[in-house]
Amino acid sequence: MIKIAVIEGDGVGPEIIRGVISILESLIEAEFVFIKAGKKYFYETGLPMEEKGIQKIKESDVLLKGPIATPVRGRTYLSINLRIRREFNLYANVRPFRSYSGISIRKLSTVIVRENTEGLYSGIEEADGEKAIASRIITKRKSEKISEYAFGLAEEEKRERVTAIHKRNILKVSDGLFLETFYEVAKKHPSIAADDAIVDAASYKLVKVDNAFDIMVTPNLYGDILSDVAAGVIGSLGLCGSAQVGDSFAAFEPIHGTAEDIAGRGIANPLGAVIASSLMLTWLGTKNSDLREKGMLVRRAVDDLIERRIALTPDLGGSSTTDDVINALFRLI
Ligand code: ATP
């Protein structure tokens, strides 16, 4: 039986993750292992996550996660997200974006493949009261790995082009290394076109032009920001899911944050988390084609629900609740 570690998260996390679990329960045989973590747990115990949390995740096949707030009390607090990424070396953050007519401002079917473990998120910062410095680490090895991942995905999904996003005109050395490595990897994948774009121009193009990109591969920070731009283009942060993938483990979550402004009101859009669960089934499906099929079934139900406007939450201009959306999905799956 598949073992799924679950961190419900903060803010709207528990509301949406519960809905997702009910959908998964109707589709697959799985054991859900709940892990105590997040803001409330931290204020109660002084710990960001229960002590056995990492061990419980290691004993599971995958991790399903809601958004987690990072409460800062003292400067030594390491975010749970960063800890999990490092512990399991989840080097690729993969975020597919698909547009919907009447909801999205542009036509789009793009995947952002973001390096997830280094760049400006190295965690190396120092300050002496006058000056603060953050180290932005780019390594050849990680640039190679993320580029390989992007081209592999292009081949698997029969996509045509991978575009490297950078700012080499300013960050000549670090983004220079990223870009050189990208083109070295591209040579091994001659059937896929490879090009590159400067991050600011890419942001503009994403908003301004239909189908501007196919697969985008980026260092950490650019991918983080571009994902929110792409989410805005397709219509809502609540519509996007992500996979954080390593060589032997992966974690799945919606891309939005804790959305404290709407937490507890039952109106959060659960579709980002549902899409994350479909990515999870697809990832598990590399070893089990039945799961892959179920992942696609969930994704088709989400697309159908949105295209036919069966139940839309307020962020998409509707008046449905989180539960209405989950119930509508049950009928479509
Ligand atoms: P965090 O600090 O946790 O990243 P944030 O408030 O900066 O949180 P989000 O939580 O992503 O960022 O929220 C940004 C905006 O998008 C908020 O107005 C929020 O209500 C909205 N939003 C985010 N997720 C959803 C969702 N699932 N459904 C509806 N609206 C959402």
Locate the shortest heavy-atom distance separating [X] from [Y]; write the atom from each residue and the value.
{"X": "Leu179", "Y": "Asp196", "answer": "CD1-CB, 3.7 Å"}
{"X": "Ala311", "Y": "Ser320", "answer": "CA-OG, 3.5 Å"}
{"X": "Asn220", "Y": "Gly119", "answer": "CB-CA, 4.4 Å"}
{"X": "Ala328", "Y": "Leu305", "answer": "CB-CD1, 3.5 Å"}
{"X": "Gly66", "Y": "Pro254", "answer": "CA-CD, 4.5 Å"}
{"X": "Ala37", "Y": "Tyr41", "answer": "C-CB, 4.0 Å"}

(request) Scan Val217, Ile198, Val199 and name whichever one has a side chain to side chain contact (heavy atoms under 4.5 Å, CB included) with His166. (result)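 Single side chain to side chain contact (heavy atoms under 4.5 Å, CB included) partner of His166 among Val217, Ile198, Val199: Ile198.
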Taking atom [atom1] as the centre, does [X] end up with more than 12 heavy-atom neighbours from other residues, nucleotides or ligands that are less than 6.0 angstrom away?
{"X": "Arg168", "atom1": "CZ", "answer": "no"}
{"X": "Tyr204", "atom1": "OH", "answer": "no"}
{"X": "Glu29", "atom1": "CD", "answer": "no"}
{"X": "Lys187", "atom1": "NZ", "answer": "no"}

Donor on one side chain, acceptor on other, [X] and [Y], under 3.5 Å:
{"X": "Thr313", "Y": "Asp315", "result": "yes"}
{"X": "Tyr121", "Y": "Asn116", "result": "no"}
{"X": "Asp324", "Y": "Thr321", "result": "yes"}

(request) List the steps, then state whether side-chain contact (heavy atoms from CB on, under 4.5 Å) holds for Ser277 with Phe252. (result) CA-CA 7 Å; Ser277 75; Phe252 300 84; over 6 Å; no
Is [Y] reachable from [X] through a run of I, L, V, M, F, W or Y residues, each pair having side-chain heavy atoms under 4.5 Å apart?
{"X": "Leu237", "Y": "Ile234", "answer": "yes"}
{"X": "Leu281", "Y": "Leu63", "answer": "no"}
{"X": "Ile4", "Y": "Ile35", "answer": "no"}
{"X": "Leu291", "Y": "Ile21", "answer": "yes"}
{"X": "Met49", "Y": "Leu64", "answer": "no"}

Side chain [X], main chain [Y], donor-acceptor under 3.5 Å:
{"X": "Ser99", "Y": "Leu108", "value": "yes"}
{"X": "Glu115", "Y": "Thr117", "value": "yes"}
{"X": "Ser135", "Y": "Ile137", "value": "no"}
{"X": "Ser60", "Y": "Lys56", "value": "yes"}
{"X": "Thr258", "Y": "Gly11", "value": "no"}
{"X": "Arg106", "Y": "Val207", "value": "yes"}

So do the side chains of [X] and [Y] get within less than 4.5 Å of each other, counting heavy atoms only?
{"X": "Tyr149", "Y": "Val245", "result": "yes"}
{"X": "Thr322", "Y": "Val12", "result": "no"}
{"X": "Leu297", "Y": "Leu27", "result": "yes"}
{"X": "Leu171", "Y": "Ile138", "result": "no"}
{"X": "Ser22", "Y": "Arg18", "result": "no"}
{"X": "Leu332", "Y": "Arg308", "result": "yes"}
{"X": "Glu253", "Y": "Ile7", "result": "no"}
{"X": "Leu153", "Y": "Val162", "result": "no"}

Give a yes or no on whether a salt bridge exists between [X] and [Y], defined as a side-chain N under 4.0 angstrom from a carboxylate O.
{"X": "Glu293", "Y": "Arg300", "result": "yes"}
{"X": "Glu184", "Y": "Lys140", "result": "yes"}
{"X": "Asp224", "Y": "Arg114", "result": "yes"}
{"X": "Lys3", "Y": "Asp61", "result": "no"}
{"X": "Asp175", "Y": "Arg136", "result": "yes"}
{"X": "Glu118", "Y": "Lys145", "result": "no"}

Interatomic spacing from [atom1] in [X] to [atom2] in [Y] - rounded to 0.5 Å:
{"X": "Lys294", "Y": "Ser26", "atom1": "NZ", "atom2": "OG", "answer": "9.0 Å"}
{"X": "Ile165", "Y": "Leu206", "atom1": "CD1", "atom2": "CG", "answer": "8.5 Å"}
{"X": "Lys172", "Y": "Ile170", "atom1": "NZ", "atom2": "CD1", "answer": "6.0 Å"}
{"X": "Leu271", "Y": "Arg299", "atom1": "CG", "atom2": "CZ", "answer": "9.0 Å"}
{"X": "Ile28", "Y": "Met280", "atom1": "CD1", "atom2": "CE", "answer": "5.5 Å"}
{"X": "Ser242", "Y": "Ile112", "atom1": "OG", "atom2": "CD1", "answer": "11.0 Å"}

(request) Test Lys167 against Tyr222 for side-chain contact (heavy atoms from CB on, under 4.5 Å), laying out the working first. (result) CA-CA 9 Å; Lys167 187 79 189 174; Tyr222 310 148; 3.3 Å; yes
(request) Let me see the working for His256 and Ile16 under side-chain contact (heavy atoms from CB on, under 4.5 Å), right down to the final yes or no. (result) CA-CA 12 Å; His256 59 78; Ile16 56 174; 3.6 Å; yes
(request) Any chance you could lay out the side-chain contact (heavy atoms from CB on, under 4.5 Å) test for Tyr100 and Asp303, step after step, and finish with the verdict? (result) CA-CA 8 Å; Tyr100 298 96; Asp303 292 350; 2.6 Å; yes
(message) Consider salt bridge (Lys or Arg N to Asp or Glu O under 4.0 Å). Of Lys158, Arg159, Arg161, which one does Asp214 pass it with?
(response) Arg159
(request) May I ask you to check if Lys142 and Tyr91 form a cation-pi contact, with NZ or CZ under 6.0 angstrom from the six-membered ring centre and within 45° of the axis? (result)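 So Lys142 doesn't make the cation-pi contact.
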